[in-house]
Amino acid sequence: MLILHCPYCGIDAEETELAAGGEAHLKRATVGDSDAAFEEYLFMRENKKGVHLERWRHAYGCGKWFLAARDTATLEVYGTYPAQTQEPPQEVKDAIRAKHPGWAWKENA
Amino acid sequence: MTNTRDSVPMKRYSVFAVAREGLRYHTGWGRAWRSPAPKKKYDVIIVGAGGHGLATAYYLGKNYGITNVAIIEKGWLGGGNTGRNTTIIRSNYLQDPSAAIYDKALSLYESLSQDLNYNIMFSPRGLIMLAQTHHEVRGYLRTVRANELQGVATKWINAEQVKELCPIINIDGPRYPVMGGLYQERGGTARHDAVAWGYARACSDMGMDIIQKCEVTDVRRENGKVVGVSTTKGDIDCDKLGMVVAGHTSVLAEKAGFRLPIESVALQALVSEPIKPCMDVVVMANTVHGYLSQSDKGEMVIGGGTDSFNNYTQRGSFHHAEETVRALVETFPMISRLKMLRQWGGIVDMTGDRSPIISKTPVDGIFVNCGWGTGGFKAIPGSGWAMAELMAKGHSPLAEEFDMYRFREGKFIDESVAAGVAH
Amino acid sequence: MSTRLSTGGRLINRNKPVEFQFNGKRLKGYEGDTLASALFANDQMMVGRSFKYHRPRGVVASGAEEPNALMNLNSGGRFEPNQRATTQEVYDGLTSTSQNHWPSLEFDIGAINQLFARWLPAGFYYKMFIHPRAFWKHVYEPFIRQSAGLGQVPKEQDADVYEHFYFFCDVMVVGGGVAGLTAAMEAAKSGKKVLVVEQTAAWGGRAVVDGGLIDGESTEAWINQTLAKLADMPNVTLRDRTMASGVYDHGYVLAYERLTDHLADKSGARHRLWRIRAGQIVTATGAIERPLSFAGNDIPGVLLAAAVRDYVVNWGVSVGDRTVVVTNNDDAYRTALALKKAGLSVPAIVDAREGGAGAIGAEAEAAGIRVLKGKGIAKVKGGKRVTGVAICSQAGEGAVLEEIACECVAMSGGWSPVVHLWSHCGGKLVWDDAKVMFRPDVDKGPTGADGKPFVIAAGSANGYLGMAEGLADAAAAGRAAAGVKGEGAPSATDAAEKAVAPVWLMPQGAGPKKRMKAWLDYQNDVKVSDVMLAAQEGYESVEHTKRYTTLGMATDQGKLSNINGLAILSKSLDAPIPAVGTTTFRPPYTPISMGSIGGSARGDLFQPLRRTPMHDWHDGNGVDWEPVGHWRRGYAFVRNGEKVHDAVNREILNVRENVGLLDASTLGKIIVKGPDAGKFLDMLYTNMMSTLPIGKCRYGLMCNENGFLSDDGVVVRLNEDTWLCHTTTGGADRIHGWMEDWLQCEWWDWKVYTANITEQLAQVAVAGPKARKLLESFGGDMDLSKEAFPFMEWREGKLGEFDARIYRISFSGELSYEVAVPASQGAAFWNALLEKGQEFGVMPYGTEAMHIMRAEKGFIMIGDETDGTIIPQDLNLQWALSKKKEDYLGKRAQERSHMADPKRWKLVGVETVDGSVIPDGSHAPAPGTNANGQRNTQGRITSTYYSPTLKKGIAMALVANGPDRMGETIEFQDENGGLIKAKIVDPCFYDKDGEKQNV
């Protein structure tokens with residue numbers, strides 16, 4: 001039963017108020033992109049045992065999508081941040097690297 | 001702990017052997033499987049000594065004579081999802097590739113106790129998938145007709161027939177009355193641990209090495225081909241490598257340098273305290289996301305849904321258990337007076353179409369078997385059979401459609417189309 | 001004989017006798033008795049039978065850890081199996097029966113299994129019943145299953161109700177013993193919000209029974225004062241009869257409060273499930289005593305030593321006149337002294353330690369108790385009750401030194417901290433060699449969302465069994481939980497004790513015969529010999545052993561047996577205990593009712609029900625409901641004497657001939673507005689929406705990124721920057737969420753707003769040749785004529801007194817208007833339509849009539865023609881795929897090889913040669929079989945109905961090369977395993993040129 005902080009309405013939301021939306025910072029591939037690139041976008045997933053950047057919607061709250069950096073092995077949450085970004089904010093990266101020195105996430109961090 | 005490489009032939013199990021041993025306080029039983037130190041090299045290494053991995057090894061030996069095999073396990077054999085599931089076995093799948101492999105599995109299950117000389121307690125008590133909306137009725141009718149052409153015997157039964165097979169059900173629920181069901185008489189359950197143990201014993205008996213408490217730390221490759229693995233018990237070489245590590249496939253694939261269309265999530269299950277027998281059939285209710293059967297010990301075994309976020313903790317969120325229990329109380333009112341004894345979670349890997357992957361990989365010599373989602377146990381013998389064929393011959397009709405590259409082509413094997421059916 | 005003593009019993013009220021029943025016998029007890037203590041008071045030593053061998057079973061413990069005394073309670077709608085007699089309080093009228101025997105507890109046929117016990121070791125069934133195969137299915141397995149289970153099956157609907165309760169606190173303290181109260185007080189002093197729960201009805205835990213002084217007062221006085229102080233603090237909540245059942249991630253705790261289980265009056269909620277978010281959790285859950293493993297340790301009358309003194313001190317009952325105490329530690333001496341004090345006889349304390357006990361040993365000897373050091377029990381004598389023990393040297397193999405007559409054996413194998421809650425979320429344990437226990441590894445507690453530990457174990461739950469050390473630890477835990485500094489703790493003194501000795505088998509050299517009689521798990525009949533056999537056979541992992549022998553899988557989940565079992569395993573494997581490890585602790589701590597998990601959401605409250613404004617009218621007018629998501633829609637409106645399908649046919653013919661009304665309010669309605677709304681909709685829909693003129697409607701398709709059809713509906717251009725998107729009933733919330741997903745996460749710089757207004761409007765489809773006449777009869781300011789209001793346009797204005805927006809669209813193929821009015825006017829509008837429509841022969845129609853009429857027209861239905869794997873091209877909807885757009889969701893996916901494969905099945909109409917209806921889901925077989933021996937197929941039915949309009953069966957199907965095979969006859973499956981001939985035709989069966997809808 002996770003609790004995630006909604007960066008929009010500022011409350012700590014119960015998992016039952018939230019809808020999970022899978023891996024964050026996917027780059028949409030579309031017409032003109034290769035089959036491989038399209039497969040990458042739709043199906044290939046980091047699925048890390050460890051830090052995971054992911055999407056959540058405060059579905060039974062403010063309705064906003066936000067992003068979270070969460071550890072899939074310990075369920076620690078390093079931070080949440082608005083969805084309108086290509087990469088986690090510096091403080092979230094710092095929080096992650098404090099526990100996981102050298103951490104990296106594709107081209108986003 | 002002992003590290004024996006004794007070659008004493010395994011004692012056959014039978015009522016007579018038990019009778020004989022009873023007279024001498026069972027001192028004569030040998031090990032069910034040996035616990036050897038790894039050799040320098042094997043023809044084939046299977047990573048993962050769960051049901052699927054052990055079955056793969058078993059059929060490599062039995063069907064293809066490949067017995068220079070090691071099965072490497074990070075923890076203890078059968079300790080992953082093989083030992084955590086709700087033990088349901090059925091093959092009433094809609095899509096041809098699914099029906100083929102699951103029905104192969106069911107057929108093998110039917111004689112597996114004799115085949116392995118280990119009673120896996122397969123119990124073909126019958127299985128009903130309830131239809132509680134018009135949409136589900138149409139979906140299951142579609143499945144029944146598809147099964148007919150696939151050679152899988154299933155039938156549609158009406159609400160009264162459901163009640164007759166399962167008297168504790170309330171078919172007149174106020175919200176989702178039971179409109180009938182898809183019935184597979186050959187479906188049922190088996191003792192999940194025994195499946196792993198039976199295969200392990202048979203593999204060991206063929207001379208294969210089951211190496212427990214041995215974690216793979218690296219997958220060694222040369223020129224795009226696998227040459228072996230590094231483990232916590234040293235480097236071990238091989239010609240071929242099978243990855244059969246449900247839940248943790250992405251982690252292992254990363255060590256081999258490729259990624260998979262997979263996400264790992266937690267699946268919930270729970271059992272009640274044991275009561276006297278009251279349910280002689282397995283019931284799945286997909287509208288309300290729950291399934292129910294009674295174990296040979298008398299516990300009501302309840303399976304629920306998965307969390308929707310990536311998770312490796314083998315714990316799930318309570319609210320899924322809650323939703324499942326609530327829904328089942330509506331359909332099986334007597335459950336309300338029982339008590340929940342234990343709840344647990346397993347980590348399952350989910351693919352883009354919720355169907356498994358049995359496939360070659362970008363690395364020559366590495367094969368992967370994963371993505372069984374919530375439905376792996378029932379597939380174990382068929383999955384092992386197909387994976388062994390693929391590894392031995394490079395091609396398997398049963399596995400063909402489960403290729404990992406199907407997602408690139410958009411060639412889905414989607415079982416949810418009939419009626420949102422969970423595995 | 002067990003009996004009630006004339007004095008003592010701090011928890012019972014001797015002025016309040018109660019009468020209850022056990023196995024039909026009327027027995028007496030007192031208020032405050034547990035069922036177990038009351039049964040002892042009535043000399044009911046045997047209370048059940050074990051699972052496998054049906055051995056006689058007596059009460060062995062005094063609390064939640066009890067594995068034996070499980071009862072069927074009460075009857076009818078309040079029947080409950082497997083209730084622990086040790087935690088069930090008695091009340092007037094309680095009825096109970098013992099379990100797992102036939103025909104009676106005293107004489108049980110199943111007990112014959114005991115005679116074959118040597119042939120029924122751990123895992124025997126894996127080795128037997130293998131041949132012949134048919135025998136397993138028809139003989140062995142049915143027999144095994146009939147022997148399964150413990151309690152009886154509840155037969156009736158639950159007569160009780162349950163509730164959930166949400167609670168938030170800074171500190172939750174689990175356990176109301178002296179450690180818990182100390183921790184609570186320290187935390188509460190900081191002003192933080194504190195919740196304290198105690199699973200029993202009595203606060204104070206073991207301390208009162210064990211005696212001693214706290215802050216110079218008797219433990220009982222100190223507990224009462226501390227409780228009173230806590231109760232006075234506004235930031236503290238205290239709850240008894242409330243068990244914390246599980247700790248879940250991020251500090252979520254479930255607690256199970258039993259409200260009426262102890263009362264004759266069952267009104268109100270029976271159980272309340274607390275759903276708690278706690279900042280920090282202090283687990284002051286105490287410790288559980290371990291049995292000792294000696295031959296016959298399962299005979300009724302052999303109890304845990306602390307339980308024996310609980311029964312004397314708390315409830316004033318003695319298990320027997322003569323009790324032999326057998327122990328490996330000092331604590332059990334307290335039992336001997338308590339019994340002595342109560343005037344009972346203790347013939348001997350059998351201490352396995354050569355050196356005997358510390359100070360308390362001398363005390364016992366001073367009290368005249370004979371202490372046998374370095375000795376053990378060779379064997380307990382008796383069958384259905386203890387008659388005596390044979391003494392041996394612990395060091396030897398069990399040669400009998402003497403025999404001592406007794407009725408009770410009080411055993412203590414040391415104490416195990418209750419670490420369940422600590423462990424549920426991943427807290428680690430360490431093996432403490434000196435204390436012979438697993439205790440929490442305080443540096444490796446479970447961590448929460450912030451990565452920091454959120455559980456603190458305290459007192460004996462943290463391995464501090466002495467009073468003084470336990471209180472000090474608890475006080476520190478309370479402060480740590482509240483995040484405050486400080487020091488000090490209630491004062492107490494711990495007498496010097498001799499260390500507990502690791503005694504896992506008694507005598508240590510016991511041979512196979514004794515090991516087969518030394519029980520580890522009483523309920524499941526797992527013995528020392530079984531665990532040794534498992535190890536011998538290679539089931540070396542503790543999880544293997546557990547599963548092979550069923551050790552710890554009983555309803556106590558190994559509370560008594562796990563540590564003893566894994567110690568035997570470690571010995572058998574020659575591996576240290578920590579290397580063997582423990583099995584995983586899973587919630588709940590003790591079982592909780594399924595009813596409490598469901599809570600109040602049952603029956604009508606099971607799920608929220610969404611109602612259209614016309615719902616009540618439907619309900620009162622013969623509706624046959626169909627669940628669609630959380631809505632219910634009318635499948636048909638059945639009139640007197642009609643079958644449902646007669647009603648459907650009548651409704652269709654009436655729409656075709658007169659006029660019908662469909663409550664379409666459940667259709668999703670989403671407003672999309674803003675400067676970039678048109679651009680956005682062009683991405684969302686496969687067809688072009690930005691060019692839709694104001695005042696017009698357009699049918700649109702939506703695909704997901706996989707290219708598969710996900711929803712459809714009519715899109716309406718309301719003004720320059722505003723569109724209204726209709727979705728399917730089930731799609732409204734999903735599609736709205738989908739829109740927001742793209743707007744917030746991908747195209748966040750696009751200026752678009754969305755609003756789901758589904759419930760703001762009531763919507764009625766008025767369909768049929770007389771639809772226009774009916775609406776015109778309302779009057780108003782809109783011209784509804786063909787010329788002024790053409791097909792696929794919309795108008796807004798007054799329809800009589802109603803504020804209406806009318807869309808001229810048709811899903812039935814008839815002249816049709818969909819009229820939306822504010823939801824508040826919906827019911828009145830519906831009634832007005834019925835009233836004014838009387839002269840035009842109006843009738844409501846349901847979803848099935850709608851489905852059939854659209855099939856007659858060849859219109860697709862999301863969910864019938866589509867199933868999540870269908871692309872628009874499959875349904876010949878290429879006309880709706882804009883060629884002008886560079887991109888739309890799903891476009892790239894549809895370019896993939898499998899999607900573009902010309903062999904994909906395509907939509908056609910199908911009609912049987914004989915006019916009959918093809919069964920739902922039928923497939924069309926093709927010649928030959930595939931590589932897996934399955935029959936090839938060339939198509940399948942997606943929709944099939946009897947058309948009352950055409951008076952024959954009609955169907956839609958996906959068929960290989962279908963559109964190129966018009967007129968060809970192929971075969972589909974019939975109901976009975978045969979085939980049925982059908983012709984491939986155009987999917988539009990009715991009014992192909994649309995003359996009816998364009999009038």
Side-chain angles (χ1 to χ4, degrees), chain B residues 1 13 15 18-19 22 25-26 29 31-33 76 79 96 100 113-114 118-119 123 133-135 138 141-142 145-146 149-150 174-176 193-194 273-278 296-298 318 322 325-326 329-330 333-344 397 409-412 414 417, chain C residues 80-82 118-119 121 124-130 133 141 144-145 148-154 157-158 248 512 533 537-538 540-541 543 547 555 573 575 586-587 591-595 597-598 601 603 606 626-627 867-869 896-899 920-923 925 931-932 934-935 937 973:
Chain B
M1 290 180 211
Y13 291 161
V15 64
V18 172
Y25 301 103
H26 302 278
W29 295 115
R31 298 177 64 90
W33 50 81
W76 40 280
D96 284 353
S113 295
Q114 292 75 32
Y118 198 104
N119 189 351
S123 170
T133 64
H134 289 287
H135 185 64
R138 286 192 296 271
L141 286 171
R142 178 178 165 191
R145 312 275 182 240
L149 297 176
Q150 291 154 347
R175 196 58 187 269
Y176 297 110
D193 294 321
E273 293 184 321
I275 51 170
K276 288 292 170 195
C278 64
D296 280 350
K297 281 192 67 194
F318 180 75
E322 179 186 330
V325 168
R326 176 178 296 165
V329 165
E330 278 305 291
M334 52 82 74
I335 288 177
S336 185
R337 299 298 299 188
L338 304 182
K339 293 189 278 294
M340 173 172 81
L341 177 62
R342 184 178 172 90
Q343 68 167 124
W344 67 93
E409 300 160 19
K411 199 170 184 180
F412 280 24
D414 192 340
V417 303
Chain C
E80 181 186 14
N82 301 323
R118 72 187 317 177
W119 291 281
F124 74 94
Y125 29 80
Y126 301 128
K127 296 172 179 153
M128 292 162 68
F129 315 128
I130 297 172
R133 189 173 135 190
E141 210 235 347
I144 287 178
R145 291 184 55 208
L150 289 169
Q152 293 297 323
V153 179
Q157 182 85 31
D158 194 337
Y248 299 83
L533 177 62
E537 293 192 86
E540 296 173 342
S541 150
E543 284 284 354
R547 290 151 182 261
T555 58
L573 297 172
R586 300 283 192 181
I592 64 175
S593 67
M594 299 282 187
I597 296 171
F606 169 51
E626 171 184 21
D867 63 5
T869 65
R896 291 176 295 178
S897 59
H898 184 66
M899 301 288 194
D920 258 313
S922 271
H923 286 58
N932 292 316
Q934 298 167 318
R935 183 71 187 264
T937 51
Q973 293 164 295

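The sequence lines fix the lettering, A, B, ..., with proteins before strands; numbering per chain opens at 1. Just so you know, these numbers use all the heavy atoms, side chains as well, and skip hydrogens, waters and symmetry mates.
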| said: Any heavy-atom pair between the side chains of C:Asp867 and B:Arg142 that's under 4.5 Å? | reply: yes
| query | Quick one: does B:Arg337's side chain have a donor or acceptor within less than 3.5 Å of a partner on C:Asp158's backbone? | reply | no
| Can you find a heavy atom in the side chain of C:Pro81 that is under 4.5 Å from one in the side chain of B:Leu338? | yes
| query | Who wins among C:Ile592, C:Thr555, C:Thr937 for the most heavy-atom pairs under 4.5 Å with chain B? | reply | C:Ile592
| Can you find a pair of side-chain heavy atoms, one from B:Ile275 and one from B:Met334, that are under 4.5 Å apart? | yes
| note | Rounding to 0.5 Å, atoms CD (C:Gln973) and CZ (C:Arg935) come to a distance of 9.0 Å
| query | In terms of heavy-atom pairs under 4.5 Å with chain B, which of C:Gln157, C:Gln934, C:Gln152, C:Arg896 leads? | reply | C:Gln934
| said: Does any backbone or side-chain atom of C:Glu141 lie under 4.5 Å from a heavy atom of chain B? Answer side chain, backbone, both or neither. | reply: side chain
| task | Examine whether an atom of C:Phe129 lies under 4.5 Å from a heavy atom of chain B, and if so say whether it belongs to the side chain, the backbone or both; otherwise answer neither. | result | both
| note | Counting heavy-atom pairs under 4.5 Å with chain C, the top scorer among B:Thr133, B:Val15, B:Asp193 is B:Asp193
| Enclosure of B:Lys411 NZ (heavy-atom neighbours >12, cutoff 6.0 Å) | no
| query | Tell me, side chain or backbone of C:Ser541 under 4.5 Å from chain B's heavy atoms, or both, or neither? | reply | side chain
| Best-contacting candidate, C:Met128, C:His923, C:Arg133, against chain B by heavy atom pairs under 4.5 angstrom | C:Arg133
| Taking side chain as C-beta onward, heavy atoms only, is B:Tyr13 less than 4.5 Å from B:Tyr118? | yes
| Test ring pair (Phe, Tyr, Trp, His ring centres under 6.0 Å) applied to B:His134 - qualifying residues, sequence neighbours left out | C:Tyr635
| field | For chain C, the option from B:Pro274, B:Ala32, B:Ala19 that forms the most heavy-atom pairs under 4.5 Å | value | B:Pro274
| note | Note: vs chain B, highest number of non-hydrogen pairs under 4.5 angstrom among C:Pro591, C:Ser593, C:Pro925 is C:Pro591
| B:His26 versus C:Glu537: any side-chain heavy-atom pair under 4.5 Å? | no
| field | Residue B:Val325 versus chain C: region with a heavy atom under 4.5 Å | value | side chain
| request: Count the heavy-atom pairs under 4.5 Å between each of C:Glu543, C:Met899, C:Glu626 and chain B, then report the option with the highest count. | output: C:Glu543
| Side chain, backbone, both or neither of B:Glu273 within contact of chain C (heavy atoms, under 4.5 Å) | both
| field | Flag side-chain contact, heavy atom, 4.5 Å: B:Val18 against B:Trp29 | value | yes
| remark: Whatever's closer than 4.5 Å to a heavy atom in chain B on C:Ile597 counts as both
| query | Between B:Ile335, B:Val329, B:Asp96, which has the largest tally of heavy atom pairs under 4.5 Å with chain C? | reply | B:Asp96
| note | Ranking B:Pro333, B:Gly79, B:Ser113, B:Ala146 by heavy-atom pairs under 4.5 Å to chain C gives rank one to B:Ala146
